[in-house]
Amino acid sequence: SEQDEAITAAVKIKTVTPITGGAAGESTEEIRKGALYATAYDEQIVWDNDYRHFIAQHISDLVWVNVWGETAQEKETGYNLDNINRIFFSAYSNRKSQAVLEAEILALFESSDELNRRYRYVPVLRSPFTITLNGVMSGRQEAAIVRQAMIDKLDEAFGEDAVAKKGGNGDSTIYEKDIWRVLTDLGNVIEFTLTVDNQDRTPLLNEYVFLDAANSTYNLEYRS
């Protein structure tokens with residue numbers, strides 16, 4: 001009312017002693033840096049990379065793990081009330097079954113009351129792809145030996161159990177340029193052409209894409 005407003009305007013508050021204490025507010029840059037290290041400070045999980053890092057710290061023998069929320073899930077499968085406040089996990093290990101991974105990962109978050117989050121494990125979908133290589137061998141090498149050396153090196157870098165994908169930053173995409181680099185460094189062909197045959201360029205959230213080097217095609221010849 002007008003009377004209440006008049007009374008409020010007339011009231012003045014004074015303190016006998018100065019008001020002191022407290023600290024200056026953090027700058028925007030300080031807040032940003034603090035958010036990046038939230039997991040390391042008190043294991044409060046904020047971003048998907050924090051989830052991956054947290055899981056990798058506590059679950060052994062992980063080769064690949066993905067984490068996503070309701071927004072990403074609904075882009076893939078459409079709106080569903082059951083997705084609200086839910087975090088999804090999918091992972092692959094060459095030593096543990098999907099059932100074991102599900103139990104271990106979900107157990108990490110059993111006592112979490114973070115913003116009423118709910119958690120679900122989604123079984124991994126293995127998605128191998130192959131390549132076709134046409135190459136000219138250096139020297140008088142045996143084609144079988146050159147082929148096996150390529151398979152071993154490619155499997156080490158990009159195969160289903162490739163250690164390079166442990167934890168990671170979430171991007172486990174295998175790029176053609178990286179396959180070129182590995183084969184070039186191997187150095188057992190003078191020149192070669194490479195075709196990626198059937199790689200899924202838009203994988204599902206629970207799809208683990210890897211190179212099946214053993215079932216790829218290697219057309220090797222000598223230069224006359």
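Numbers for residues simply follow the sequence, beginning at 1.
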- Test side chain to side chain contact (heavy atoms under 4.5 Å, CB included), reference Q141, set L220, V189, V146, output is V146
- Over all atoms of both residues, closest heavy-atom pair of V65 and R52: O-NE, 3.8 Å
- Should R120 and D82 count as an ion pair when the cut-off is N to O under 4.0 Å? yes
- Item | F192/W180 aromatic ring centres below 6.0 Å | yes
- Message: In the structure I gave you, are the side-chain heavy atoms of Y222 and V136 within less than 4.5 Å of one another anywhere?
- Response: no
- Say whether N215 and T130, considering side chains only, have a donor N or O and an acceptor N or O under 3.5 Å apart. no
- Query: Which pair of heavy atoms, one from L106 and one from Y121, lies closest together, and at what distance?
  - Reply: CD2-N, 4.2 Å
- Item | Sub-4.5 Å side-chain heavy-atom contact between F88 and L205 | no
- Query: Quick one: does Q199's side chain have a donor or acceptor within less than 3.5 Å of a partner on I174's backbone?
  - Reply: yes
- Message: Using a 6.0 Å distance limit plus a 45 degree cone around the ring axis, check whether R126 lies over the aromatic ring of F210.
- Response: no
- Message: Checking N66 against S90 for the side chain to side chain donor-acceptor pair (under 3.5 Å) test, could you report, in this order, the C-alpha distance in whole Å, the side-chain angles of both residues, the deciding distance, and whether it holds?
- Response: CA-CA 5 Å; N66 195 24; S90 189; over 6 Å; no
- Message: With clusters defined by side-chain heavy atoms of hydrophobic residues (ILVMFWY) lying less than 4.5 Å apart, directly or transitively, does V67 cluster with L125?
- Response: no
- Task: Evaluate the ring planes of F109 and F89, with Trp represented by its six-membered ring, and classify them as parallel (under 30°), tilted (30 to 60°) or perpendicular (over 60°).
- Result: parallel
- Answer yes or no: does atom NZ of K96 have more than 12 heavy-atom neighbours from other residues, nucleotides or ligands under 6.0 Å? yes
- Message: Which heavy atom of L211 sits nearest to which heavy atom of S216, and what is that distance?
- Response: CD1-OG, 4.1 Å
- Item | Test item: E156 side-chain N/O and I151 main-chain N/O as donor-acceptor pair under 3.5 Å | no
- Here the pair of heavy atoms bringing A157 nearest to V182 is CB-CG2, 4.2 Å
- Side-chain heavy-atom pair I59, L108 within 4.5 angstrom cut-off: yes
- Item | Minimum-distance pair of heavy atoms, taken over all atoms of E160 and Y92 | O-CE2, 3.1 Å
